[in-house]
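Down below is the structure, laid out as structure tokens.
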2 protein chains.
Amino acid sequence: MRAARYHGRADVRVEEVKSASVGPGEVRIEVGACGICGSDLHEYAAGPIFVPDGTPHPVSGDRLPITMGHEFSGVVREAGEGVDDLAAGDRVAINPILSCGECRQCVEGNYHVCDSIGFIGLSGGGGGFAEEFVADAEHAVPLADEVSLAAGALVEPLSVGFHAVRRSGLQVGDDIAVFGSGPIGLSVVQCARAAGAGRIIVSEPRDARRERAAACGADDLVDPTATDAVDHIAEATGGGVDVALEAAGVGATYDAALGSARPGGTVTVVSIWEEEVTTDPNAVVLGERTVTGTLAYLGGPRADEEFGDVIDMLAEGTLDPEPLITDRIGLDGVVDEGFEALLDEDSDQAKILVEP
Amino acid sequence: MRAARYHGRADVRVEEVKSASVGPGEVRIEVGACGICGSDLHEYAAGPIFVPDGTPHPVSGDRLPITMGHEFSGVVREAGEGVDDLAAGDRVAINPILSCGECRQCVEGNYHVCDSIGFIGLSGGGGGFAEEFVADAEHAVPLADEVSLAAGALVEPLSVGFHAVRRSGLQVGDDIAVFGSGPIGLSVVQCARAAGAGRIIVSEPRDARRERAAACGADDLVDPTATDAVDHIAEATGGGVDVALEAAGVGATYDAALGSARPGGTVTVVSIWEEEVTTDPNAVVLGERTVTGTLAYLGGPRADEEFGDVIDMLAEGTLDPEPLITDRIGLDGVVDEGFEALLDEDSDQAKILVEP
């Protein structure tokens with residue numbers, strides 16, 4: 001079967017690899033769609049970061065070359081011995097979290113902050129930029145009938161937004177600001193809307209991305225290159241938002257998020273960072289603000305906790321994958337039409353789906 | 001009457017000032033004892049910071065020169081018209097928070113994060129380094145009979161520790177690390193002990209301060225100049241503390257506090273900062289840690305909320321002011337025996353009480 005494998009920085013090859021056999025407890029899945037994530041771009045442009053280079057990943061046992069792609073859906077084609085609750089033909093989303101099951105966080109059920117945290121498609125264990133995928137059945141979460149395979153590929157990034165909104169403590173009626181409206185920012189906006197947020201203000205420099213934020217439910221759009229976002233937010237909300245969510249990952253938005261939260265408010269940091277930030281801790285202390293990190297989503301082995309909620313919300317139409325999807329390409333196009341297109345500074349793309 | 005007034009950086013003068021008259025709703029208090037706080041030292045060495053220099057403070061209406069001292073107790077000598085619940089002879093601690101009563105935070109009862117927050121003794125309105133003090137009776141919180149005037153001067157810094165521990169979300173049994181054991185770090189240790197903390201680890205480079213932390217209930221003392229505090233804490237707690245409290249106010253302890261919290265743990269920042277820090281937000285994101293700021297204590301007009309709790313705990317003996325008090329001096333000594341002694345790099349002092 002064919003798969004896009006990461007051999008090193010700027011070296012992703014679509015090549016023929018041997019199909020894995022299906023062992024006990026495992027399933028073979030024909031990949032339906034797999035989204036390209038910002039993490040994939042980081043690995044391609046600046047990695048290896050999450051991709052195990054020297055030492056194999058402690059959970060997957062793999063090191064590069066590894067098959068990429070961790071936001072994906074598919075159809076079960078073969079179920080191994082002992083797999084009772086999945087059968088050929090079942091449509092599933094993949095929960096890519098790799099956790100050790102033994103550290104303190106795993107023992108407490110917080111697999112997503114496992115000491116050895118990894119992700120299928122980044123840390124080994126196969127991936128979604130491939131014709132097929134074999135893994136422990138516990139990674140396969142059934143899709144509702146109403147949820148397409150394309151929407152199924154969005155379950156992962158929508159779960160990131162869903163978890164971020166839950167971590168933020170957002171309560172019905174809270175005014176919020178979202179910094180950055182790439183796919184994760186858009187997921188946050190949709191989940192915040194679902195959570196009953198009051199005014200949703202999105203700060204995003206790119207026109208096309210601001211428009212998408214509006215389509216996802218934002219009430220108020222700020223172009224921070226033209227307007228001081230912090231001043232605008234303070235004025236629009238009478239002193240700051242209850243919750244600011246940072247989904248851009250640069251020093252300027254870190255400080256803007258802190259500056260836009262009201263005294264007693266919360267800043268939830270969703271981005272993964274490539275560099276340190278310089279910040280004044282008095283912004284946290286003097287207004288008794290809270291900064292909270294959020295990573296991935298709850299759920300480890302057979303974990304449909306937050307994936308299941310997101311699938312339900314997609315089935316009901318509460319969440320809408322359409323504004324996030326801006327292109328659909330084949331496996332052979334993953335580098336040129338995928339990674340390179342998204343890395344283009346003039347790109348207006350959001351989520352590009354690879355359909356192998 | 002005599003008072004120590006701040007005229008500018010390194011310019012505090014003990015001088016004769018006119019006694020204020022007691023208006024309706026006000027009380028005259030003979031000062032019993034007033035502690036010297038780190039904030040006083042900041043003003044003296046690097047100010048004016050909180051002290052209003054150009055524009056008068058919006059609540060006090062004062063600008064420098066102002067009488068210093070905000071951690072104090074005393075005896076009511078005169079109660080103005082309409083003051084029904086205080087009478088001559090009553091012993092009180094002073095809640096120095098100056099709040100506007102009109103901003104969003106005040107309306108919501110969070111006077112301590114008022115948009116115009118100020119403190120008696122820093123922002124005008126009189127102060128405790130003086131023979132007497134006249135202010136609205138709402139600043140006077142009655143002391144229990146068991147609480148001495150010296151202990152009454154510690155109610156303010158102990159309330160800072162009490163509020164910090166509450167803000168941290170510390171639950172009974174939680175392991176904690178405290179960075180810095182000056183008077184606020186010691187207050188935090190005592191309040192954490194009262195809150196049922198499990199293991200209390202204190203990181204502090206000075207020998208005398210570590211010994212005081214032990215006297216306040218710390219279980220485990222680390223000298224960070226000899227031992228890597230983060231490694232030690234990780235080993236001692238099996239992966240990090242539930243709550244780290246930062247009470248030193250330098251970049252190294254900010255990062256050490258973040259590094260010592262377990263995944264999912266909390267860092268509570270108690271310090272006021274003189275400079276920015278450079279930090280990796282991934283320390284917050286990847287372990288889903290929470291950083292929360294804490295300022296002062298709850299309670300505005302006639303607020304005995306947290307002051308009242310601390311006074312009760314002093315009366316019961318749950319909190320002990322003795323390990324914090326290292327010297328008692330007269331008003332004339334406030335600069336030489338007070339500020340200068342505390343600013344001496346070789347100082348082993350904790351709290352110096354001025355007894356006018």
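Residue numbering restarts at 1 for every chain, and letters A, B, ... go by the order of the sequence lines.
Contacts between A:E246 and chain B at a heavy-atom distance below 4.5 Å are absent for every atom of the residue. Using a 4.5 Å cut-off between heavy atoms, A:N110 makes no contact with chain B at all. Contacts between A:T268 and chain B at a heavy-atom distance below 4.5 Å are absent for every atom of the residue. For B:R104, the part sitting under 4.5 Å from any heavy atom of chain A is the side chain, from C-beta outward, and nothing else.
The two residues A:L286 and B:V113 have their closest heavy-atom pair at O-CG1, 3.7 Å. Scanning all heavy atoms of the two residues, the minimum distance from B:T292 to A:V284 falls at C-CG1, 3.8 Å. B:V285 approaches A:W273 most closely through the heavy-atom pair CG2-NE1, 4.0 Å.
Contacts with chain A were tallied for B:E275, B:H163, B:E108; B:H163 has the most, counting heavy-atom pairs under 4.5 Å. Contact count versus chain A (heavy atoms, under 4.5 Å) is highest, among B:P263, B:A296, B:A283, B:S271, for B:P263.
Using a 4.5 Å heavy-atom cutoff, the side chains of A:T278 and B:V277 are not in contact.
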* **Intermediate values then yes/no, side-chain contact (heavy atoms from CB on, under 4.5 Å), A:V291 and B:T290** => CA-CA 6 Å; A:V291 177; B:T290 295; over 6 Å; no
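Without hydrogens or angle criteria, B:E288 side chain to A:T294 main chain gives no donor-acceptor distance under 3.5 Å.
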